[in-house]
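Labels below follow one simple rule: chain letters A, B, ... track the order of the sequence lines, proteins then strands, and each chain is numbered from 1. All values derive from a computational prediction rather than experimental measurement.
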Amino acid sequence: MTETTSAPLLSADGVGKLFGHVRALRDVSFDLQAGEVLAVLGDNGAGKSTLIKILSGVYDLSEGRLRVRGEDVTFGKPADAAAKGIATVYQDLALVDTRDVAANLFLGREFRRGPFVDRRRMYREAEQVLAGLTIQLPSVRVPIYLLSGGQRQAVAIARVLVGGADIVIMDEPTAALGVQESERVLRLVRDLRDAGKAVILISHNLQQVWQTADRIMVMHLGRVAGIRRRADSTVEEIVKLIVYGDPDETPGHGGDQQVPM
Amino acid sequence: MTALDSLGVLNPVSWFRPTRPSGSDRDGRRRVSDRLLDLGIYLSLVALVLYFWQASPYFMTQRNLLNVGAAVAVTGVLAAGMTIALIAGQLDLTVGANIAVTSVVVALAVQDLGWSTPPAVLLGLAVGVAIGLVNTALVVGVGINSIIATLAMGIVIRGIALISTDGQTKPLTNLALPDFLQTRPLGVPTSVWILAAVFVVSWVVMSFTRMGWHIYGVGGNASAALRAGVRTKRVYAGVFITTGVLAALGGILTTGTSSSGGPNYANGAEFDVLTAVLLGGIGLAGGSGRVQRTLAGVLVIGVLNNGLTLMSVNSYYQQLARGAVFVLAVVLGVIGERRRAR
Ligand SMILES: Nc1ncnc2c1ncn2[C@@H]1O[C@H](COP(=O)(O)OP(=O)(O)O)[C@@H](O)[C@H]1O
Ligand SMILES: [Mg+2]
């Protein structure tokens, strides 16, 4: 990951968002490279969800600009972001419980042969995609309702791979999972990075993302409090950024706030 | 672990809990009880056939079995449509009224307007398309729940049928349509051919076409389908047009077999249809169900009616048996629903 040699896949420059008079985001700027995981951390209300909704085309931005592969983009709807190679794995995963894994992977983009769907090709390619992931599924013919939380995450992530997106946004993928399942899902995130994708990982759990993120962007009250390479930072520094929005703040100054770990 | 245990029978909680992977199920295999429930409708059909076979010497004859097919033709055609609607997470309760208005329209076109039968039949099918479009407009355009929208539309449509014949049944003197339905290509009644064709086409569409896959997707999780790029409004339109056209086909069959058009035909037909569909184990929440299972449900009802009649069972008791089957269908439906729910 030599940031200097490759142009960023995605860059945000002075992005802001107003909801009427409520300012949810202010002057958010960052770059995202292929093959890296950028964790976005921040307390509730920090603006994480608003940011990813802008990146995935759900919201229009109020200020600033977005560039994908150096090209200015404006997203009017989620399909616009998808067309630029940005895929979002939503918190609810957006899977059809009653359908099997392959049907979910190819929902909305089923292969066809003449007037019919090409079932054989979809089952084959579904197996190939899932074989490349660290979470194993019993079969691509199992309906989603029989899968565990981590396996569902694997299907949602495999959908991204099948769709060919190169920028993947994941909203709190481990929020509803136990420790072991979370561990497996974070390994999936690393699978994505190793496949050359750029991943934005939203979380409010520093411990969980610490081993997964290459860089950590901390948001505080709608601003970027700081962006750190994980290797050059410490847990203490990140925690201070999350809690106080300032790495030099000393505990006690801001009252008796809880450290979100 | 005992065999009963593995069936989940010893743990009452598991009767009501959906099957989630746990323990030996973690690899996504399904419980034996689920599989038995899945096969239940086919096993019931086989059991009924075997029972009536030994109970009546007339039952297992080619002629009688074809009679069973002809008797369930209209219910079956409607049930195929209802299955597709329920898979999409919708309900179409206009189908009975649709039959009535279609039969009236065809009869009026042939008798009062002097049309020949083929264009009159096409007009009847067009009525089905129109009803489907109106239902789509109410459900998708206005956003009314399909149960309410189609229940109300059904009343309106039957009202139109009653007004257009002044409440009278309109007999056909041009018998081209009844004569056509009397034909037996390869010894099989035309209505049975139509029933078979409807189920084969429905099965192919639902299992092997993008439209079918999208219907399952939209019914299972509409917002996920939308976010995946499925044009959900078009899917709903396709579904309501399908149920409308199939009901109109049922109306044309009814007109032919009764040699008349009647504004009171198929009153309450939705209940027979729902019984058959629920027997097939469809989930009311949408996204699941199979047309082939509905066909089995239709045949269970047909075999039951036919067999009880052959055994000269008093028609009041037949009514009771039908009611029992309906209750059974609902119970099976509820169990299936709980097993799928999270
Ligand atoms: N649709 C909205 N309308 C008005 N205010 C909003 C809306 N969405 C978010 N906000 C506000 O923007 C701020 C950031 O929220 P959000 O992006 O959800 O933060 P996070 O996801 O980090 O918890 C909050 O103050 C929130 O109240
Ligand atoms: Mg949020």
Side-chain angles (χ1 to χ4, degrees), chain A residues 56-58 77-79 81-83 87-90 92-120 122 136-152 154-156 159-160 162-163 176 180-181, chain B residues 17-31 34 38 86-89 201 203-232 234-235 282-290 336-342:
Chain A
S56 56
V58 175
K77 54 183 185 300
T88 307
V89 178
Y90 292 94
D92 72 358
L93 299 184
L95 298 175
V96 182
D97 274 8
T98 51
R99 297 290 275 168
D100 69 19
V101 171
N104 270 277
L105 289 190
F106 292 98
L107 179 62
R109 47 175 180 249
E110 295 84 359
F111 291 130
R112 263 195 302 191
R113 257 177 89 183
F116 301 119
V117 291
D118 191 344
R119 288 160 67 110
R120 200 178 308 164
M122 285 190 275
Q136 292 304 307
L137 299 180
S139 147
V140 293
R141 290 167 194 272
V142 178
I144 300 296
Y145 73 84
L146 287 176
L147 299 180
S148 68
Q151 289 172 325
R152 286 161 195 246
V155 176
R159 248 190 83 79
V160 169
V162 165
Q180 272 199 348
E181 289 265 275
Chain B
R17 278 260 178 77
T19 310
R20 286 300 306 278
S22 63
S24 62
D25 280 337
R26 185 166 287 288
D27 59 355
R29 268 186 293 119
R30 311 184 52 217
R31 285 173 192 238
D34 278 359
D38 269 356
L86 280 169
I87 290 172
V201 171
W203 171 67
V204 168
V205 167
M206 294 307 289
S207 298
F208 302 106
T209 71
R210 201 181 268 188
M211 182 67 176
W213 281 43
H214 287 177
I215 290 172
Y216 277 106
V218 165
N221 188 341
S223 82
L226 188 64
R227 279 182 271 171
V230 175
R231 279 180 270 200
T232 56
R234 259 206 221 180
V235 171
I282 203 164
L284 293 176
S288 64
R290 301 259 166 225
E337 202 68 32
R338 290 199 171 126
R339 147 180 89 103
R340 268 182 297 266
R342 266 194 284 147

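In plain terms, the two heavy atoms of B:Y216 and A:V96 that are nearest each other are O-CG1, 4.1 Å. A pairwise comparison of heavy atoms in A:T98 and B:G287 identifies OG1-O, 2.7 Å as the closest pair. Between B:A228 and A:L107, the shortest heavy-atom contact is CB-O, 3.6 Å. Across every non-hydrogen atom of A:D92 and B:R227, the tightest pair is OD2-NH2, 2.8 Å.
Formation of a donor-acceptor pair under 3.5 Å by the A:R99 side chain with backbone atoms of B:G217 is not found in this model.
Contact annotation for A:P78: neither backbone nor side-chain heavy atoms come within less than 4.5 Å of a heavy atom of chain B. Residue contact with chain B, scored on non-hydrogen atoms closer than 4.5 Å, involves the backbone of A:L95 exclusively. In this structure, the portions of A:A103 lying under 4.5 Å from any heavy atom of chain B include both its backbone and its side chain. The contact between B:V204 and chain A is made entirely by side chain atoms (from C-beta outward), counting heavy-atom distances below 4.5 Å.
Counting heavy-atom pairs closer than 4.5 Å to chain B, the top-ranked of the candidates A:R109, A:Q136, A:M122 is A:M122. The most heavy-atom pairs under 4.5 Å with chain B, out of A:G163, A:G114, A:A94, come from A:A94.
The distance from the CH2 atom of B:W213 to the CZ atom of A:R112 is 13.0 Å, given to the nearest 0.5 Å.
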